[in-house]
Amino acid sequence: MARTQRAQGSQRPRRSQAPRFSAQPLVPDSNRVFWPIVAFAVVAALLSLRLVYLQAIAAPDLASKAERARMSYSWDEPRRGTIYDRNGVVLATSVEASTIYVDPAEVDDPDTTAQVLVDVLGGRKSDYLEAVTAGNTRYSEIKEKADAEVGERMEEAVAELTATGGAHEGASLGIHCKAEWKREYPNGQVGGQVIGACNLEVDQDNNREYYTGISGLELYYDDILSGEAGYTRMETGSDGTPIPGGKNESKEAVDGQDIIISLDIELQQYVEERLTADEKGMTANGGSAIVMDGGTGEIYAAASLPLFNPADRSEVKEGATKLKAVTDLFEPGSIFKSVTTMAILESGTMSPDTELFCPASITADGYTITDAHERGDATYTLREILDQSSNIGISLAMERMGFSMLHGKILEYNLHSKTGVDYPGEGEQGTDILGSLADPEDLSTVGMYNISFGQGISLTPLQITRFYGALVNDGVECTPHFLISKPQSGDVAEYATEDVIENKEAIEDITSMLKTVVTDGTGKQAAIEGFNVAGKTSTAEIYDEENGGYRKGVYNLAFTGFLADSSSQLVCFVAANEVPTDGVVTPMFKDIMSTAIDRFNIHPE
């Protein structure tokens, strides 16, 4: 058989083959499927957690917020307590007032409503139409805290117009009168710094207005005077109408308590008049005065220039709201020599008649110290050192005793601590320290000399007044204060006392020496006929805060004294600030204490 042979180089056609597949199962792309599942799970978990939070945790709070949104408050403000002086004279009180407003939703005839407002309040209709027709409120205030009589006239006008058919039948005209309280100060500026003032605060969230003290005793005793607000709370719909069966609760207002304070408003008035009488002279740059009972701590009068009128705050001068005699520090100068002298007498280092050579000048640490008035070398008794207010004499007498003794006595006399007076602004909060007093080891010799005559140490007028009060009260200091009692509760305020002078015989000596300051020394113009005035003058240099050292040509003048051997324990401090020439304030003391003598029937004993 013949065979057919392939030609050389020819190829046999290949048989087509089916594609081959792996024996492994089909697996989808893991990333494309996995992440959407994870995202879905996360969203589901978050929604579940949110649902749990809303239903289990936030539900009570959300329900409460919803309820509050439906609740409508009507506030009943308490009557703020009255402040009386020691004789029952009203110093601050709350009187009835009427705030007149319109509920535009109730107004059927805007023109008639506006006319009623014009008839009672005056003005023109156009003055009221915008408020009467307001579409976004149910409370358009027309007149805030008008006199109660104005509110009564408004209510009578609305009632009369409705009764006579002048208004649409059943319409109330939308005019309402809300009874409120208005704070009044019958004596104007007299005692204004002590009494203080209130501001009308606004709580917009609760639609409430209320008074709060902002200065003076109105601030210090705000918790006592303010009382507690009352309210009516009801659940209302979106249109403001009460929801039948909704929540409705109320609380009665609790009026504030009245207080009786120690001021004698007539003496206070004279003190203020006496300070302002010299406003073009001695007190042109400020002045202060305090009258305090050293035996009780009660402050009968206190004022600082410029004065403050809480009844008219259209113009308030800088610093007027502060009682600087209580709040501001100063270097006391020579009225502090009585403190150094008291320490010397208590220590037994010198007696009033002990003599001491006092040269015309002394030097220490490169500084020269002289007396205020030029003199030659002299020998003075301790009494004469105080009479003549000798800086050199008191420095050398203190040096004989030792400064550490004086430092200790300053602390014992509480001249480096707050008095505890019930008035805002006495020193820093949270500390009993008030004023500056360096430790003995930190002082140079000249620094010790300076402190002995009242320079290089700071205190407040009330602190030095408290010390002089101890001299008329057998060495016992009383806490200065204003509050005497709360008449509604019958509570009588009690205050701390402290015996600060151990050597009682020294009190008689210092009193005798202070009397001769007035009869023979620098305080002659403080003398009052028929009385033994005891006190000390001061012409203090003023520290220059900007440049250091002491200012040239201006002084703080002061006098602190009392009526020795009398039926009274009143102590009086008077001062004039930044006086450009040498002078005295003793005539101010004389006039104030003479007025007190007549006012309180004080007599010599």
Side-chain angles (χ1 to χ4, degrees), residues 65-79 95-182 200-211 229-253:
K65 287 181 178 179
E67 181 181 310
R68 286 198 299 270
R70 296 193 303 271
M71 300 305 290
S72 173
Y73 278 88
S74 175
W75 291 96
D76 182 13
E77 294 302 325
R79 180 182 181 277
V95 298
E96 291 186 5
S98 183
T99 291
I100 299 168
Y101 70 97
V102 169
D103 181 352
E106 296 178 356
V107 176
D108 291 334
D109 185 348
D111 190 70
T112 301
T113 296
Q115 184 60 54
V116 174
L117 295 174
V118 169
D119 292 343
V120 177
L121 301 178
R124 297 170 298 180
K125 288 183 181 181
S126 58
D127 297 333
Y128 305 108
L129 282 173
E130 182 177 353
V132 168
T133 59
N136 58 347
T137 181
R138 299 202 63 177
Y139 183 90
S140 288
E141 189 174 280
I142 304 298
K143 182 77 172 179
E144 181 183 25
K145 295 188 182 301
D147 290 342
E149 300 80 38
V150 175
E152 291 173 1
R153 291 204 308 271
M154 182 63 72
E155 290 176 340
E156 290 172 359
V158 170
E160 181 179 356
L161 191 64
T162 302
T164 58
H168 295 303
E169 184 177 356
S172 67
L173 301 174
I175 299 175
H176 299 273
C177 297
K178 182 171 63 174
E180 293 186 313
W181 298 104
K182 180 168 64 174
L200 189 63
E201 299 291 335
V202 178
D203 181 355
Q204 293 183 345
D205 291 340
N206 291 309
N207 192 29
R208 182 191 169 204
E209 293 181 343
Y210 58 96
Y211 280 110
Y231 60 84
T232 298
R233 192 172 76 133
M234 63 177 62
E235 200 169 2
T236 61
S238 58
D239 61 352
T241 58
I243 296 175
K247 288 191 175 182
N248 190 336
E249 60 183 33
S250 62
K251 175 186 174 183
E252 289 189 5

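Scored by the salt bridge (Lys or Arg N to Asp or Glu O under 4.0 Å) test, Arg153 finds no partners at all (sequence neighbours excluded). Under the rule for a side-chain contact (heavy atoms from CB on, under 4.5 Å), the partners of Lys145 that lie at least two apart in sequence or sit in another chain are Ala97, Thr99, Glu180, Lys182, Leu200, Tyr211. For Ala179, there are no side-chain contact (heavy atoms from CB on, under 4.5 Å) partners, not counting sequence neighbours. Glu130 meets the side-chain contact (heavy atoms from CB on, under 4.5 Å) test with no other residue; sequence neighbours excluded. Remark: Ala105 pairs with Asp103, Arg138 by the side-chain contact (heavy atoms from CB on, under 4.5 Å) rule, at least two apart or across chains. A search for ring pair (Phe, Tyr, Trp, His ring centres under 6.0 Å) contacts involving Tyr101 returns Tyr139, His176, not counting sequence neighbours.
The distance from the SG atom of Cys177 to the CE atom of Met154 is 6.0 Å, given to the nearest 0.5 Å. Note: Ile100 CD1 to Glu141 CD = 10.0 Å, rounded to the nearest 0.5 Å.
No more than 12 heavy atoms of other residues, nucleotides or ligands lie within 6.0 Å of CD in Glu252, so this atom counts as exposed by the packing criterion. Atom NZ of Lys178 has more than 12 neighbouring heavy atoms from other residues, nucleotides or ligands inside a 6.0 Å radius.
For Ser140 against Ala134, the heavy-atom pair with the smallest separation is OG-CB, 3.9 Å. For the pair Ala229 and Glu77, the tightest heavy-atom approach, listed with the atom from each and the gap, is CB-OE1, 4.0 Å. Heavy atoms only, all atoms of each residue included: Leu129 and Pro110 are closest at CD2-O, 3.8 Å.
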Could you list the donor-acceptor pairs under 3.5 angstrom formed between side-chain atoms of residues 113-124 and any protein atom two or more places apart in sequence or on another chain?
residue: Thr113; atom: OG1; partner: Asp109; partner atom: O; Å: 3.4
residue: Thr113; atom: OG1; partner: Leu173; partner atom: O; Å: 2.9
residue: Gln115; atom: OE1; partner: Lys125; partner atom: NZ; Å: 3.4
residue: Gln115; atom: NE2; partner: Asp119; partner atom: OD1; Å: 2.8

